[in-house]
Amino acid sequence: MPHLTSATAGSTGTGVRTALGIPGYAHPLVAPAQWAELARPGTPLDWVVLDVAAGPGSRPDPHCLEAAGRLRAAGVRVLGHLDLTYGARAFGELLSDAHHHLDWYRVDGFLLDRCPTERTALPEVRRAVTTLRAISDTTHIVLGHGRHPHPGYAEDADQLVTFAGSWSDYRWSQVAEWTADYPPDRFCHFVHSVPRGHLDEALRIARWQGAATVYFTDRTDRGGRVDPWEAMPGYWDDIVSLVGTGVSE
């Protein structure tokens, strides 16, 4: 059974609002219907990541511009995708991509994907986050670790992705004890290969572990060969209904 947090982080009573965070679908030209669906009124979205071409691309893309504009008009926060490559990305390249996201697509923040987790990398990540906040004072920062990082990272970001992986790993996962010191809206879980019949269980685990932003999909990574997040899950309507109820057990 998944390790349960304290009542502070894993509150299973009232007061925990769960919403969807979309890691980034395929290009809007390839998946126009899916991007249009995200702008449907009433969809319980926290944010949607815009990843044009492993970042903002080399020039403004009219299809992505239209998709981002439609989401913003619907009141949905749009985040630009920035790849930290586990700390190997040059700071200048990262900053250039951030400026392009802001100038071309008017993003509301950033997902810093493949973020390192070690304490030694914390100063460089902190430098990046501080700079991003300086160039856009309303920016929302999500650090995409994919697992629990050193707790110092929680002091710099609005949210941390503390799980990104398969259902087979998630259903037996454990949560770091330090997360109990923070509210659920600070944490995100992305889980692929979730069978339709286990959606309720997946949502219960997220709430037990204190993660208020989630994304569940039945898509698989085929052994690491494909991106499981690039397409909408087959049970999209079910997950929207389940998360949209806002019920905490």
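None of the values given here were measured: they were computed from a predicted structure.
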Q. Do the non-hydrogen side-chain atoms of Arg171 and Ile205 ever get within less than 4.5 Å of each other?
A. yes
Q: Indicate yes or no: at least one non-hydrogen side-chain atom of Gln209 is less than 4.5 angstrom from one of Ser173.
A: yes
Q | Hydrophobic cluster identity match, Phe91 and Leu143, side-chain contacts under 4.5 Å | A | yes
Q | Backbone N/O of Ala154 and side chain of Arg186: donor-acceptor pair under 3.5 Å | A | yes
Q) Would you call Asp108-Arg77 a salt bridge at under 4.0 Å N-O? A) no
Q) Which heavy atom in His101 sits nearest to a heavy atom in His81, and how many Å separate them? A) NE2-O, 3.0 Å
Q: Would you sort out whether Trp208 and Val175 count as a side-chain contact (heavy atoms from CB on, under 4.5 Å), showing the intermediate values?
A: CA-CA 9 Å; Trp208 286 340; Val175 65; over 6 Å; no
Q | Asp218 versus Gly234, closest heavy-atom pair with distance | A | OD1-N, 3.0 Å
Q: Would you mind reporting whether Trp35 and Val48 have side-chain heavy atoms less than 4.5 Å apart?
A: yes
Q. From Arg126 CZ over to Glu155 CD, what is the distance, rounded to the nearest 0.5 angstrom?
A. 8.0 Å
Q: Report yes or no: does Tyr25 contribute a side-chain atom to a donor-acceptor pair with the main-chain N or O of Pro32 at less than 3.5 Å?
A: no
Q: Evaluate side-chain contact (heavy atoms from CB on, under 4.5 Å) for Asp237 paired with Glu37, printing each intermediate quantity in order.
A: CA-CA 10 Å; Asp237 288 341; Glu37 178 67 21; 4.3 Å; yes
**Q.** Atom pair CZ (Arg17) and CG (Asp46), whose distance is rounded to the nearest 0.5 Å
**A.** 6.0 Å
Q.
Could you check whether Asp97 pairs with Arg89 (Lys NZ or Arg NE/NH1/NH2 to Asp/Glu carboxylate O, under 4.0 Å)?
A. yes
Q | Least distance between heavy atoms, Pro116 atom then Gly87 atom | A | CD-N, 3.8 Å
(Q) Please verify the inter-ring angle class for Phe187 with Tyr182; under 30° counts as parallel, over 60° as perpendicular, anything in between as tilted. (A) perpendicular
**Q.** Under 3.5 Å donor-acceptor, Ser96 side chain and Gly92 backbone
**A.** no
Q: Evaluate the side-chain proximity of Pro149 to Leu160: yes if any heavy-atom separation is below 4.5 Å, no if none is.
A: yes
(Q) Tell me the closest heavy-atom pair linking Trp229 and Gly165, and the distance in Å. (A) CH2-O, 4.2 Å
Q: Could you check if a side-chain atom of Leu65 sits within less than 4.5 angstrom of a side-chain atom of Tyr105, using non-hydrogen atoms only?
A: yes
(Q) I need the minimum non-hydrogen distance between Arg219 and Pro233, along with the two atoms involved. (A) NE-CA, 4.1 Å
Q) Which pair of heavy atoms, one from Asp156 and one from Val129, lies closest together, and at what distance? A) O-CG1, 3.3 Å
**Q.** Between CD on residue Gln34 and NE2 on residue His27, distance to nearest 0.5 Å
**A.** 13.5 Å
Q.
Can you confirm whether Thr18 sits close enough to Val214 that some side-chain heavy atom of one is under 4.5 Å from a side-chain heavy atom of the other?
A. yes
Q. Do Ile141 and Leu132 come close enough that some side-chain heavy atom pair is under 4.5 Å?
A. yes
Q) Are Val30 and Val226 linked, directly or through other ILVMFWY residues, by side chains that come within less than 4.5 angstrom of each other? A) no
Q. Any salt bridge between Glu201 and Arg204, counting N to O under 4.0 Å?
A. no
Q.
Rounded at 0.5 Å granularity, tell me how far CH2 in Trp236 sits from CZ in Phe216.
A. 12.5 Å
Q) How long is the gap from CD on Glu66 to CG on Leu71, to the nearest 0.5 Å? A) 10.5 Å
(Q) With clusters defined by side-chain heavy atoms of hydrophobic residues (ILVMFWY) lying less than 4.5 Å apart, directly or transitively, does Leu82 cluster with Ile135? (A) yes
Q.
Once you measure the plane-to-plane angle for His148 and Trp178, does it fall in the parallel (<30°), tilted (30-60°) or perpendicular (>60°) bin?
A. perpendicular
Q: Would you sort out whether Leu79 and Leu50 count as a side-chain contact (heavy atoms from CB on, under 4.5 Å), showing the intermediate values?
A: CA-CA 6 Å; Leu79 305 183; Leu50 179 67; over 6 Å; no
Q: State, with a plain yes or no, whether a side-chain heavy atom of Val194 is found less than 4.5 Å away from one of Tyr235.
A: yes
Q. Looking only at atom types and distance, does a side-chain atom of Gln159 sit under 3.5 Å from a main-chain N or O of Asp185, one as donor and one as acceptor?
A. yes
Q. When you check the side-chain N and O atoms of His189 and Tyr170, is any donor under 3.5 Å from an acceptor?
A. yes
Q | Ion pair Arg133/Asp158, N-O distance below 4.0 Å | A | yes
**Q.** CZ on Arg114 to OG1 on Thr85, rounded to 0.5 Å
**A.** 6.0 Å
(Q) I'd like to know whether His100 forms a side-chain contact (heavy atoms from CB on, under 4.5 Å) with Val52, so could you lay out the CA-CA distance, the side-chain angles of the two residues, the decisive distance to 0.1 Å, and finally the verdict. (A) CA-CA 11 Å; His100 287 154; Val52 182; over 6 Å; no
